[in-house]
Amino acid sequence: MIRPVPSVSSIRAGHLDLPAADLLAWAGLAVVNAGFIAARPLPGAGLRVRALTHLFDAGQLLFLGLVAAGTAVLWTRFAPRRVPAVAALSLLALVLAFLFLSSDLENFALRIAGRERADALRIPALFALAQVVPLAHLVGRRMARPRLRGLAVALALTAALVNPLILPVDYPGLHALVSWSAATLAAAALVGLRVPFRLRAAPRRVLLAVLALLAVATVGIEPINAVRVELTRLDSAILAAHVPPWRAPVDDSQYRHIPIAPELAPWFASRADEPEVAASEPPLLPPDAIVLFFTLDSMRAEVLQNPRNRALLPTLHRWRDAGFYVPRAISPSTVTRFTLASLFTGVEVPQLHWARDSATQGSLVKEDRPRVADLLTARGVTTVHVISQFELVNHVNKIGRGFSEEIEVPLQPGDRLAYAPAVMDAILVRLRQHRDGPLFLFSHFMDAHHPFDSGERRGHAYERHVSELANIDRELARLDAWLTEAGLWPRTLVIVSADHGQAFGQHGVKHHGGPPYEEQCRVPLVVVGPAVPARTSPCDLPLLDLSPTLLDLFGVAAPGPFIGRSLVPALRGEPPLCGRPVLSTTWDVFALLLPEGLKIIDNRRKRTLEVYDLQADPRETQNLCDGDPAGCDQRIGLLRRYLELHGAIAAPR
């Protein structure tokens, strides 16, 4: 039989009542978070930033504790006796789940069930997850006894410690749910605990007034940008994504007065009405050219710059040394479907008309712009897409629309995707079938995607990741040998790059798809073939240059709105076009890289601003916004002018 929760009046002096237990439980979460904050390296953050980060996080968690304690007091005094407390808690949890958890579950439901059945999955999931809080309350009540109370607190502590490790740097609603459940479990179990002393009424009121003042101040006052950046990187700082005025709409009008330097002005003008750009003369490749374009999932630029990887990736390094190599190309996004959509349409990710009516959520089914494959197919080029993942099938999201052939590589039993050997088998079968005429073949290799379990199973995540790239490298070596044996290399050009990079702990992240920091937005680019002399690009180049390049290689003019510029002149040996601002984005986070090495990041989801000098600070540890707010405002203005002048809107969430 469940014991009733003691009311304020029924607990003897020296024992915790429910309001006090609530406040103590949330204070415990603040202590756990303080440990996380103290353990995190904050390069460039002085004592002031560290102290304010601790202060704001602790104050906001105490605010939630005071809200919980006040609710308990009001319930005890005014609630109808016939209404169980757990029923009211269940209803409250359900309301808050719909307010703060819906957006977290929406993407998941769309991916798993598609648009037609997404609500059928999302709504039951919301109901189920909301019941975790009342369930934690019931379990805590059961364990509110001397021999079990410690176990309940240990379970709550474990949940609080694990919380930042669950879906890191994303899903704020789920992190809030875990924190609330942990606090609820601990509070319910601590009710009735004997304490060595109890404050008298006057000191207790003073202490509560001080705590309330701190709590209200940390919720109502917006912290400085440096503190916002640090709080929003801590998943268990659960109010950082929700409290006003942090989530206020961004007013772009205040930035329209920002001047644009003359050398940058051409790149800030809209290209919507520009005429098409004719193909280069003379052609780089013969009329029956074969162009093979491969993207390797999650291969960041550092992989081909690191000499320790040469033995593991001999084919990629040999091609790198023999062809045109861009050590640090800039990907348009840190999300696969966004990058590929941008490459095949030739424009920035936020310029595209994104729909939310497919299982992949980021869909181009309503985007009318021609794709690169559309234009090549219309000019008589055989276009082939060898597909390793269902999200890239044309009928799913229209990203790869226009290919004359789609070859879906079958999955092997027990595999979650098609791996490099099976993908290369399909590529070689199709190449053997090709005889005369031009051919463009694209394939995306998924092997090196998280969780890095298709190569070496031991070692650091980075080592396992590179071992998966080594699996792809062996298949590229097989292709290299076959092209030589078949005598096709003289008419062939191979392009190898990546959709995005990968973080291995940098900026507190161990995945991709997050803000476009260097480890996530920088990728290698290699173009190899007999027509291409060996050279390394003297500057970083946008990966979007591939869009007009693929057309130019087959003598097809590029549409005027294309953002990139053809690399064919550079492939011949001419200087590449340097000195351009380049955009990289994910969801509603935008980064603009300026030619002088400045990088501007505007995180509209979390309302944080960052500016880095990549020449002096390549690891992006010294946020220039912290010491120069006026200069930060000017640079953020450049980014927002760029987005405005290109007609950009926020990408889908």
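By the 4.0 Å N-to-carboxylate-O rule, Glu230 lies too far from Arg50 to be salt-bridged with it. For the pair Asp499 and Arg337, the salt-bridge criterion is not met [side-chain N within less than 4.0 Å of a carboxylate O]. Using a 4.0 Å cut-off between charged nitrogen and carboxylate oxygen, Arg604 and Asp602 count as a salt-bridge pair.
Trp354 and Val349 make their closest contact through NE1-O, 2.9 Å (heavy atoms, listed as atom of the first residue, atom of the second, distance). Taking every heavy atom of both residues into account, Ala93 and Pro134 meet most closely at CB-CD, 4.2 Å. Counting all heavy atoms, side chain and backbone alike, Ala130 lies closest to Ala97 at CB-CB, 3.9 Å. Between Pro581 and Leu594 the shortest heavy-atom distance is CB-CD2, 4.1 Å.
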- For side-chain contact (heavy atoms from CB on, under 4.5 Å), just list the numbers for Leu24 and Leu190, CA-CA rounded to whole Å, side-chain angles, deciding distance to a tenth of an Å, and then say yes or no. CA-CA 9 Å; Leu24 184 61; Leu190 289 173; 4.0 Å; yes
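At a threshold of 4.5 Å between non-hydrogen side-chain atoms, the residues Arg640 and Ile636 count as touching. Within the 4.5 Å cutoff, the side chain of Leu598 has no heavy atoms near those of the Leu614 side chain. Using a 4.5 Å heavy-atom threshold, the side chains of Leu208 and Leu66 count as touching. For the pair Phe590/Pro350, a side-chain contact is recorded, criterion being any heavy-atom separation below 4.5 Å from C-beta on. Counting only heavy atoms from C-beta outward, the side chains of Ile224 and Arg228 never approach each other to under 4.5 Å. Within the 4.5 Å cutoff, side-chain heavy atoms of Leu126 are placed close to those of Leu101. Counting heavy atoms from C-beta outward, Gln506 and Glu518 have side chains that stay 4.5 Å or more apart. Within the 4.5 Å cutoff, the side chain of Arg300 has no heavy atoms near those of the His512 side chain.
Here the rule is side-chain hydrogen bond (donor to acceptor under 3.5 Å, both in side chains) with Tyr517, and of Glu610, Arg619, Glu620 only Glu610 fits it.
No donor-acceptor contact under 3.5 angstrom links the side chains of His465 and Ser298, judged on distance only. A donor atom on one side chain and an acceptor atom on the other are not found under 3.5 Å apart for Tyr642 and Glu644. No side-chain donor from either of Glu348 and Ser342 sits under 3.5 Å from a side-chain acceptor of the other. Inspection of the Thr336 and Asp297 side chains reveals an N or O donor paired with an N or O acceptor under 3.5 Å. At a cut-off of 3.5 Å, with distance as the only test, a side-chain donor of Thr339 or Ser331 sits close to an acceptor on the other residue. Side-chain contact annotation: Asn33 with Ser236, donor-acceptor N/O pair under 3.5 Å present.
With Arg149 contributing its side chain and Val191 its backbone, the two residues share a donor-acceptor pair below 3.5 Å. A distance-only check finds no donor-acceptor pair linking the side chain of Lys599 to the backbone of Tyr612 [under 3.5 Å].
Note: Ile258 CD1 to Asp633 CG = 5.5 Å, rounded to the nearest 0.5 Å. Taken from CG in Asn163 to CD1 in Ile238, the straight-line distance is 8.0 Å, to the nearest 0.5 Å. For the atom pair CD1 (Ile37) and CG (Asp57), the distance works out to 4.0 Å, reported to the nearest 0.5 Å. With rounding to the nearest 0.5 angstrom, the CG atom of Leu55 is 12.0 Å from the CZ atom of Arg48. How far CG of Leu135 is from OG of Ser181: 8.5 Å, rounded to the nearest 0.5 Å.
The local environment of CZ in Phe63 is sparse, with at most 12 non-hydrogen atoms from other residues, nucleotides or ligands closer than 6.0 Å.
Taking the six-membered ring where tryptophan is involved, the planes of Phe504 and His460 are tilted, since the angle between them lies from 30° to 60°.
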